[in-house]
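As structure tokens, the structure follows; a few thoughts come after it.
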Amino acid sequence: MAIQKLFSVLFLHLALAFLLVELTNAGGLQLGFYRRTCPDAELIVHQTLYRYISRDRTLAAPLLRMHFHDCFIRGCDGSVLLSSTKKNQAEKDAIPNKTLRGFNVIDAVKSALEKKCPGVVSCSDVLALVARDAVLMIGGPYWDVPTGRRDGRVSIANEALFNLPSPFANITVLKQQFAATGLSVKDLAVLSGGHTIGIGHCTIISNRLYNFTGKGDTDPSLDPRYAAQLKKKCKPGNSNTVVEMDPGSFKTFDEDYYTIVAKRRGLFRSDAALLDDAETRDYVKFQSRTQGSTFAQDFAESMVKMGYIGVLTGKQGEIRKRCAVVN
């Protein structure tokens, strides 16, 4: 029996290895893509980013969110980094992206790479590597990032406005949006766990607190005691105050998010929505019950999978010299 179990484990590891090879070949990305052309690329990214995160851990959340927002619109092509022009309003200026920050960090990383290896490392790869390292630096998991993405030349604000998963979305819409990018219902439950870090603005939860159905009521799916606490911080019409997504540990990447959601204390409507579907609800309750026993591994796998969405490779797109403008 012991030998049979050993063979089963070995077979599973081999199957996973072959699956990773297939995924890499299918997407045109590969581990160590810059091994010959810029061998210190990942080290440069890590060291440059650390100078910022070591001074301000709250930067990790928006940098992770930036990669997420990039991949969901036109794929992981760095389009979220492009600035608007006189003739075009870019994704960066769409309402859902107005609260993104950390563009200066991306610029600093890119600048450091350009000094060492000019015209080699794409901005879209910088985003993917920065997201991984930012999570790692605040206690989250490490994952190998396949690289070789190239940068897109198109960025349209309305695409971000209408296609990014919304904090107001119900579970049906969220499942549809994730499926449209090739991500599963499990990926939805896993990647939502990124809300273990970061903050939310009172304006986003105002309706949940004060006018959920247009009758001056509070969202019944929100724990009443937590709603009362939030109302003390978020007065009606308050647009400047922010609240922690994961109260008490919003600067540390951990599994507390699922415990909070299970207690009906998820900040956004989209967090609460995870309890409205059998598969996502089971995932939330499992992580809450087991202190996130598989969350770190699951998050790493889902991030790798997300990093393949709509990638440009080979001779597609370009390698931008500066991330905010096309060449």
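All values below come from the heavy atoms of this structure, side chains included, with hydrogens, waters and symmetry mates left out.
- Annotation for Ile44 and Ala112: closest pair CG2-CB, 3.7 Å, computed over non-hydrogen atoms.
- Between the Arg150 side chain and the Gly314 main chain, a donor and an acceptor come within less than 3.5 Å of each other.
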>> Could you go through Ile53 and Leu63, starting from their C-alpha distance and side-chain angles, then the distance that decides it, and tell me whether this counts as side chain to side chain contact (heavy atoms under 4.5 Å, CB included)?
In response: CA-CA 10 Å; Ile53 299 293; Leu63 289 169; 4.3 Å; yes
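- In this structure, Leu81 and Ile106 have side chains that are in contact, with non-hydrogen atoms separated by less than 4.5 Å.
- Nearest heavy-atom pair, Pro165 versus Leu174, reported as atom, atom and distance to 0.1 Å: CB-CD2, 4.1 Å.
- Ion pairing of Asp56 with Arg101 is present here, as a side-chain N (NZ or NE/NH1/NH2) and a carboxylate O approach within less than 4.0 Å.
- Under a 3.5 Å cut-off, the side chain of Asp217 and the backbone N or O of Asn211 do not form any donor-acceptor pair.
- Crowding of Tyr142 atom OH: a count of heavy atoms from other residues, nucleotides or ligands under 6.0 Å exceeding 12.
- With Leu113 as the partner, the side-chain contact (heavy atoms from CB on, under 4.5 Å) test is satisfied by one option alone out of Val45, Val120, Leu129, Thr48: Val45.
- When each of Asp223, Asp246, Thr259, Asp271 is checked for a side-chain hydrogen bond (donor to acceptor under 3.5 Å, both in side chains) with Arg265, only Asp223 meets the rule.
- A side-chain donor from one of Glu91 and Ser79 sits under 3.5 Å from a side-chain acceptor of the other.
- To the nearest 0.5 angstrom, Ser221 atom OG is 4.5 Å from Arg269 atom CZ.
- How far CE of Met66 is from CG of Leu100: 5.5 Å, rounded to the nearest 0.5 Å.
- To the nearest 0.5 angstrom, Arg74 atom CZ is 9.5 Å from Leu312 atom CG.
- A pairwise comparison of heavy atoms in Lys321 and Lys110 identifies O-CE, 3.4 Å as the closest pair.
- Counting only distance, with no hydrogens or angles, the side chain of Ser249 and the backbone of Thr252 share no donor-acceptor pair below 3.5 Å.
- In this structure, Val261 is not a member of the same hydrophobic cluster as Phe286, with clusters built from ILVMFWY side-chain heavy atoms closer than 4.5 Å.
- Asp219 contributes no side-chain N or O that, together with a main-chain N or O of Phe212, makes up a donor-acceptor pair within less than 3.5 Å.
- In this structure, Lys285 is not positioned above the aromatic face of Tyr258 in the sense of NZ or CZ being under 6.0 Å from the six-membered ring centre and within 45° of the axis.
- Distance alone, capped at 3.5 Å, is enough to place a donor-acceptor pair between the Arg320 side chain and the Cys323 backbone.
- With 3.5 Å as the limit, one finds no donor-acceptor pair spanning the side chains of Ser293 and Gln287.
- A donor-acceptor pair shorter than 3.5 Å cannot be found between the side chains of Thr85 and Asn88.
- There is a side-chain donor-acceptor pair under 3.5 Å between Tyr283 and Asp298.
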>> The test is side chain to side chain contact (heavy atoms under 4.5 Å, CB included); show your working for Arg208 and Leu230 and say whether it passes.
In response: CA-CA 10 Å; Arg208 288 196 81 194; Leu230 289 173; over 6 Å; no
> Checking side chain to side chain contact (heavy atoms under 4.5 Å, CB included) for the pair Phe103/Ser83: CA distance, chi angles, key distance, verdict?
Replying inline: CA-CA 11 Å; Phe103 292 103; Ser83 294; over 6 Å; no
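- Between Trp143 and Ala300, the closest heavy-atom pair is CB-CB, 3.7 Å.
- Remark: Ile95 CD1 is loosely packed, at most 12 non-hydrogen atoms of other residues, nucleotides or ligands lying under 6.0 Å away.
- With hydrogens and angles disregarded, no donor-acceptor distance shorter than 3.5 Å links the side chain of Thr196 to the backbone of Gly193.
- Here CD of Gln229 is found 11.5 Å from CG of Leu209. Values are rounded to the nearest 0.5 Å.
- Using a 4.5 Å cut-off on side-chain heavy atoms (C-beta onward), Glu279 and Leu188 make no contact.
- Remark: side-chain polar atoms of Ser54 are paired, donor with acceptor, to backbone N or O of Tyr50 under 3.5 angstrom.
- A donor-acceptor pair is defined here as one N or O able to donate and one able to accept, closer than 3.5 Å; such a pair exists between the side chain of Asn163 and the backbone of Glu159.
- Checking side-chain atoms of Glu114 against main-chain N and O of Gly119 turns up a donor-acceptor pair under 3.5 Å.
- Without hydrogens or angle criteria, Asp107 side chain to Asn104 main chain gives no donor-acceptor distance under 3.5 Å.
- Under the 4.5 Å side-chain criterion, counting only non-hydrogen atoms from C-beta, Pro141 is in contact with Val135.
- Surrounding NZ of Lys231 are more than 12 heavy atoms belonging to other residues, nucleotides or ligands, all under 6.0 Å away.
- Between Val145 and Val304, every side-chain heavy-atom pair lies at or beyond the 4.5 Å cut-off.
- Inter-residue side-chain proximity for Pro96 and Leu161 is flagged as met; some heavy-atom pair is nearer than 4.5 Å.
- Using a 4.5 Å heavy-atom cutoff, the side chains of Leu183 and Phe72 are in contact.
- In this structure the side chain of Asp40 reaches within 4.5 angstrom of the side chain of Lys116, judged on heavy atoms.
- With salt bridges taken as basic N to acidic carboxylate O contacts below 4.0 Å, none links Asp77 and Arg153.
- Residues Phe250 and Phe295 fall into different hydrophobic clusters, defined by Ile, Leu, Val, Met, Phe, Trp and Tyr side chains chained together at heavy-atom separations under 4.5 Å.
- Note on Val243 and Tyr257: separate hydrophobic clusters, where clusters join Ile, Leu, Val, Met, Phe, Trp and Tyr whose side-chain heavy atoms are under 4.5 Å apart, directly or indirectly.
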>> As a quick check of understanding, evaluate side chain to side chain donor-acceptor pair (under 3.5 Å) for Thr147 and Asp125, giving each step before the final call.
In response: CA-CA 6 Å; Thr147 45; Asp125 274 344; 4.6 Å; no
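- Under the 4.5 Å side-chain heavy-atom criterion for Ile, Leu, Val, Met, Phe, Trp and Tyr, Leu64 and Leu49 are members of the same hydrophobic cluster.
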> Under the side chain to side chain contact (heavy atoms under 4.5 Å, CB included) criterion, do Tyr226 and Leu267 qualify, and how do the steps go?
Replying inline: CA-CA 9 Å; Tyr226 186 48; Leu267 190 64; 4.0 Å; yes
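- Between the NZ atom of Lys235 and the NZ atom of Lys232 there is a distance of 8.5 Å, given to the nearest 0.5 Å.
- Pairing each heavy atom of Ser122 with each of Tyr34, the nearest pair is N-OH, 3.4 Å.
- Heavy-atom minimum distance, Leu29 versus Gly307: CD1-O, 4.0 Å.
- For the pair Phe268/His195, a side-chain contact is recorded, criterion being any heavy-atom separation below 4.5 Å from C-beta on.
- Judged by the 6.0 Å distance and 45° axis criteria, Arg55 is positioned over the aromatic ring of Tyr52.
- No salt bridge links Glu301 with Lys305; every basic N to acidic carboxylate O contact stays at or beyond 4.0 Å.
- Side-chain contact, Ser84 with Lys92: no donor N or O sits under 3.5 Å from an acceptor N or O.
- Arg132 has a carboxylate O that lies under 4.0 Å from a charged side-chain N of Glu42, or vice versa, which qualifies the two as a salt bridge.
- By the rule that hydrophobic residues join a cluster once side-chain heavy atoms approach within less than 4.5 Å of another member, Val190 and Met245 end up as members of separate clusters.
- Between atom SG of residue Cys234 and atom CD1 of residue Ile205 there is a gap of 4.0 Å, rounded to the nearest 0.5 Å.
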